[in-house]
Each structure stands twice: as C-alpha cells, then as structure tokens.
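Working notes, structure below.
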Amino acid sequence: MASRQLNLQRVLSLFCVLLMVETVSGARGSLTEAHIGPQFSASGVNQTPMDDVSIQCREVCSLNVSDRCDFVRTTPDCHSEGGYLNYLEGIFCIFPPHLLPLAITLYAFWLSYLFLILGVTAAKFFCPNLSAISTTLRLSHNVAGVTFLAFGNGAPDIFSALVAFSDPRTAGLAFGALFGAGVLVTTVVAGGIAILRPFTAASRPFLRDIIFYMVAVFLTFTALYLGRVTLAWALGYLGLYVFYVLTVVLCTWIYRWQRRRSLVYSMPGTPEMLSDSEEEPVSSNSYDYSEEYRPLLFYQETTAQLLAQALNPLDYRKWRNKPVSWRVLKVFKLPVEFLLLLTIPVVDPDKEDGNWKRPLNCLHLVISPLVLALTLQSGAYGVYEIGGLVPVWAVVVIVGTVVAAVTFFATSNSEPPRFHWLFAFLGFLTSALWINAAATEVVNILRSLGVVFRLSNTVLGLTLLAWGNSIGDAFSDFTLARQGYPRMAFSACFGGIILNILVGVGLGCLLQISRSHTDVKGGEVCSICMEHVHVTDGLSFLGLL
C-alpha cells in the first residue's frame, strides 16, 4: 500500500513538472512571436498589419523577402505625401529581389535626368522670367533675391517641411533637412557663386542677412531644446520673415535716396556707399541662338511658321559646329526643352519684341494654367470635382481657351501687347512648379535609397533630403551668377534659407496646431520628437561614401 502511494505521488509530481514546462514553453513562444514584429507573425504568412505609425520604413530590409511588399504598402511611414511615382513599391513589389541592383541603377538614371530637368528649367525659363519681373517692378537685385528667387528656390524645402511637420514623429526630419540645406547653401553654393563670378560683396546687406540668419537659427535651436513650438512662437517665425523683407526693402530705399541726394549735390559717393551698391551691370539675357543667322531680306512669316519656330529647341546651324559630347547631351535635353517651351512663356526685356511669340503665347494661356493645376500638390487640386460634376482642370482649360482666343484676335504677330509683361509672372509660377515637381521626385528617390541602405531619418534629413531640396537653389543661383547677376544669387543664398527656416517651421507648426488642437498650460503647441542618431547609421553612411 505504501509503495502504491509512493508511485501515485511520483506520477502527480511528473504531471506537475510537465504542466510547468508546457506553460513556460508557451510563454516563450508568445514572447518570441511578439518579438518578431508588430506587423508580421512568426509563421511568415501574410497577415493583416496594424497601422502603427511608430514603425519606421527602413525596417523593411530586416524582414523576409516575401513580407517586404506588404510591409511597404501597409506601413504609414513608407507612404509619400507628394510625387507621382511610388518608388518604394517599385523596388519591393515590382522588381524581383534578385533584380534589386537593376532597380537602383534605373533609379540613378532617372535621378540624373531629373537633375537635367532642373538645370534646363532654371537656366532657360525660371531665371529669365525672374530677371524680367525684377526689371518690370524695378526691384534691386537684393530685393529680388530675398523675395521671388528665394520663393522659387525654397519651394521644395517648404513643401517638404509642411509634410514632415504634419506628424510630430517626423518633425525632426524637417529640422534636419532645413539645417542641412542651410549649411550646404551657405558654403558650397555661396562659394561656387564667388568662383563662377567674382564680385564685391555689399557689406551692410551681407551683415543684415547674416544677423537675420543667426536669429532664425537661434530660435530653431531654442525650439529643439524645448521640444515644442507654441502658437505665439510659430507666429513669431512668420512675423520675423515679414520684418526681414521689410528691412530689405527699407534698406534699399534708403540707399537709393542717399545716392540720388549725392548726385543732386554733385558729391561723389563714399567708398562705403559704393561698396554697398546693390546694382550690377545688366548683361544680355537672350536665349535665341539664331540671332546671327537672321536673313538680310525681311519677309513676313505666317502664324504656323512662327509657332513651329518657337517650339523648335534645336538650332541646326549650331548643331553642326558643336562637338559630339554636346550633341549627345542635347539629344537628352530635346524632349525636356520641347515640353518646357510648350508650357512656360519666357519674357526677355533685352529683345525689342520682348520675346513675343503670338501663337505660342496664346497657347501658353491654355497650357500653363493647366500645368499649374496638375502640378500643384501632385495634381490633387486639378482632379478635384467642383460640385461632384466638373473637375478643376476642365474649368481651367475652358477659361484659358476663352482668354487665349480673345488675346489671339486682339494682338498681332509683329508687336507685343501692353500686358505682355504679365507673361513673365505666369512663366515664373509655371517654371517654379516644374522645379518643385522635379525636386519632389528627387526627394522621393533619395528617401527610397535611404530606406534601402537603412539610413536613419535624422541622417537622411541632414544629408540626402537636404541635398535634394537644395538642387533648385544650386542650379538657379549658379545660372544667375553665370549670366552676370552674382549679387542677386548671393542674396538668394541667405534669403532662401531664412525663408525656408522661418516660413517652413512657422507655417508647418501652425498647420500641426490647427490639426491637433493640443492644449498645454492653456496654449496650443507644436510637438517635436527628435530621433536618436545611432553610431552604426553614421558609420554605414560613411561607408557608402
């Protein structure tokens, strides 16, 4: 009997041990499954992922190959707010895993072509219209640099900042991009302008721009230290930029008043006043390379001939005299130049007719507003249906056609109309949005490459995003310097980054505050969550270099 009780106790003890082992193993299994990831289970079977906004897109490379496509499509951090193509989905869903090097190579070629589009748009369309606007409004080069040119150059930075500030977790990405772009523009771009076109810097305007830039940087560092931006702080950002533009205008007016006064009293200007001169000799800004090939005998060209000549981006006489390298580059540029000639009007004050092309300019009245509607916010506004019936782009086409018809029958081919200068503003806006659209694609490609190479958002903002956003600044400023406007380009370097920081942070935080309505101590704030920079990310990035 005692032996039977002993055996029964042994069986019960063994059963308890087995039960404890099963419990522990089950707990371990659940922990292991939870450790694998919040979106995919341990089995690797496609599951419905959770919309966890804290998951970073660069974690896709640590998953199984079969899970990467679903991860990219369902993770919010992998979605781009702007642009026309989804590059991450193309890498992980369209191309097979063994063709990843081919996908990256194709992206690199497309990135180079986008650079070409930015260069052509800035050189032949954006900068000429900017010069025409400055001439029409009689603006000094400094004023034009901190207003129109700064707005055109800063469009990618501002739009990227607005998107990043929409979520507190990506606000650090916006700060990194703004600071990185500021360092690049004030060093590489400003130094390149001085190398391309040496000039004497205006001492007082340069000191003024430096002071405002330092104040903007100090305010931003303070916001990063506090980790938030209040409503009053955001309004202060915007107010400081308005004060900066008014200061530039006031300083320019004071300088011109002093110069006129010195001329009235026949007093020569002092060396200090001459060093602060904001005027530059105006150089030729013509892009018509067939001026020297005009026929000696004048004949009246038809409207169809004028349209064909205006849309022809190739000069056959110049083609025969150029080397092979120039011809190869020209072949790649021909589609871009034809598309831009068709969509962007150019006003040239250096020509007698102001570059008036009656049939093409009337066509611009239809196409340019359509381009504005289809490029603003990647076409989101253009496809919006008014009353659920008529899309915006259709209304734009109808109104543009009516205006173009009236202009065509009210003007002539030989003499430009009085309102021809308005085409410079239309060309400026259209070229600026072309630059913004191309720069947005560049930013998306660079971000996709950063995800593939597993770069942190902070490093990505300070480097790739900053470089991508500064492409427009570099092309526009270098082009202006080569054309004889180095002071305007140099002023745009500082005016652009001041605009990017003050307007980008101020307007971005205002939008975040309006969306969240977070009350902290009786006031609304814009939250900033800075991401920790890992040493391994920096080492991996340096390894890429």
Side-chain angles (χ1 to χ4, degrees), residues 79-90 110 113-114 117-118 120-122 124-126 129 148 151-166 311 335-346 360-408 422-445 447-448 468-469 471-472 503-504 507-508 511 514-515:
H79 298 163
S80 300
E81 296 293 336
Y84 296 93
L85 300 176
N86 192 333
Y87 298 99
L88 284 174
E89 186 172 343
W110 174 233
Y113 202 72
L114 288 173
I117 294 175
L118 288 171
V120 173
T121 308
K124 295 190 175 182
F125 298 90
F126 181 81
N129 285 313
F148 288 101
F151 170 76
N153 291 345
D157 305 78
I158 295 176
F159 289 145
S160 300
L162 294 181
V163 173
F165 273 112
S166 61
L311 288 175
V336 178
E337 291 180 348
F338 176 79
L339 180 62
L340 295 178
L341 285 173
L342 185 63
T343 58
I344 304 176
V346 177
L360 181 59
N361 288 141
C362 292
L363 194 60
H364 286 151
L365 293 176
V366 181
I367 300 179
S368 295
L370 181 62
V371 172
L372 295 177
L374 295 180
T375 55
L376 189 63
Q377 289 294 321
S378 301
Y381 297 142
V383 298
Y384 176 77
E385 294 183 352
I386 302 176
L389 299 174
V390 182
V392 174
W393 66 266
V395 177
V396 171
V397 170
I398 295 174
V399 175
T401 302
V402 173
V403 176
V406 173
T407 304
F408 183 82
L422 292 176
F423 282 89
F425 290 89
L426 180 61
F428 172 81
L429 291 176
T430 310
S431 58
L433 285 181
W434 268 119
I435 292 177
N436 178 49
T440 301
E441 298 299 320
V442 169
V443 170
N444 291 337
I445 293 179
R447 181 177 181 270
S448 301
N469 290 342
I471 292 173
V503 177
L507 189 58
L511 292 179
S514 63
R515 293 174 182 175

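Just so you know, these numbers come straight off a predicted model, no measurement behind them. In what follows, residues are counted from 1 in the order of the sequence shown.
- We find the CG-CG distance between Leu363 and Leu341 to be 11.5 Å, quoted to the nearest 0.5 Å.
- Rounded to the nearest 0.5 angstrom, Leu433 CG and Ile344 CD1 are separated by 9.5 Å.
- At least one side-chain heavy atom of Tyr84 sits less than 4.5 Å from a side-chain heavy atom of Thr375.
- Here the side chain of Thr343 pairs no donor or acceptor atom with the backbone of Ser368 at under 3.5 angstrom.
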Evaluate Lys124 against Val346 for side-chain contact (heavy atoms from CB on, under 4.5 Å), listing each step before the verdict. CA-CA 8 Å; Lys124 295 190 175 182; Val346 177; over 6 Å; no

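- Across all non-hydrogen atoms, the minimal contact from Leu339 to Trp434 is CD2-CH2, 3.8 Å.
- Here the CD1-CZ distance, from Ile435 to Phe125, works out to 11.0 Å after rounding to the nearest 0.5 Å.
- Leu360 places a side-chain heavy atom less than 4.5 Å from the side chain of Leu311.
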Hey, can you pull the donor-acceptor pairs under 3.5 Å for the side chains in residues 389-404, sequence neighbours left out?
from	atom 1	to	atom 2	distance (Å)
Thr401	OG1	Val397	O	2.7

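- Summarising the local packing, OH of Tyr384 is surrounded by 12 or fewer heavy atoms from other residues, nucleotides or ligands at distances under 6.0 Å.
- Rounding to the nearest 0.5 Å places CZ of Phe425 at 13.0 Å from OG1 of Thr430.
- Trp110 and Leu85 get closest at one heavy-atom pair: NE1-CD1, 4.4 Å.
- A pairwise comparison of heavy atoms in His364 and Pro369 identifies O-CD, 3.4 Å as the closest pair.
- Between Val366 and Leu370, the closest side-chain pair of non-hydrogen atoms is not below 4.5 Å.
- Atom OG1 of residue Thr407 and atom CG of residue Leu365 lie 5.0 Å apart, to the nearest 0.5 angstrom.
- Of all heavy-atom pairs spanning Ala438 and Leu118, the tightest one is CB-CD2, 3.7 Å.
- Looking at heavy atoms from C-beta onward, Asn129 lies out of side-chain contact with Phe423 at the 4.5 angstrom threshold.
- Considering OH of Tyr87 and CD1 of Ile445, their distance stands at 4.0 Å, rounded to 0.5 Å.
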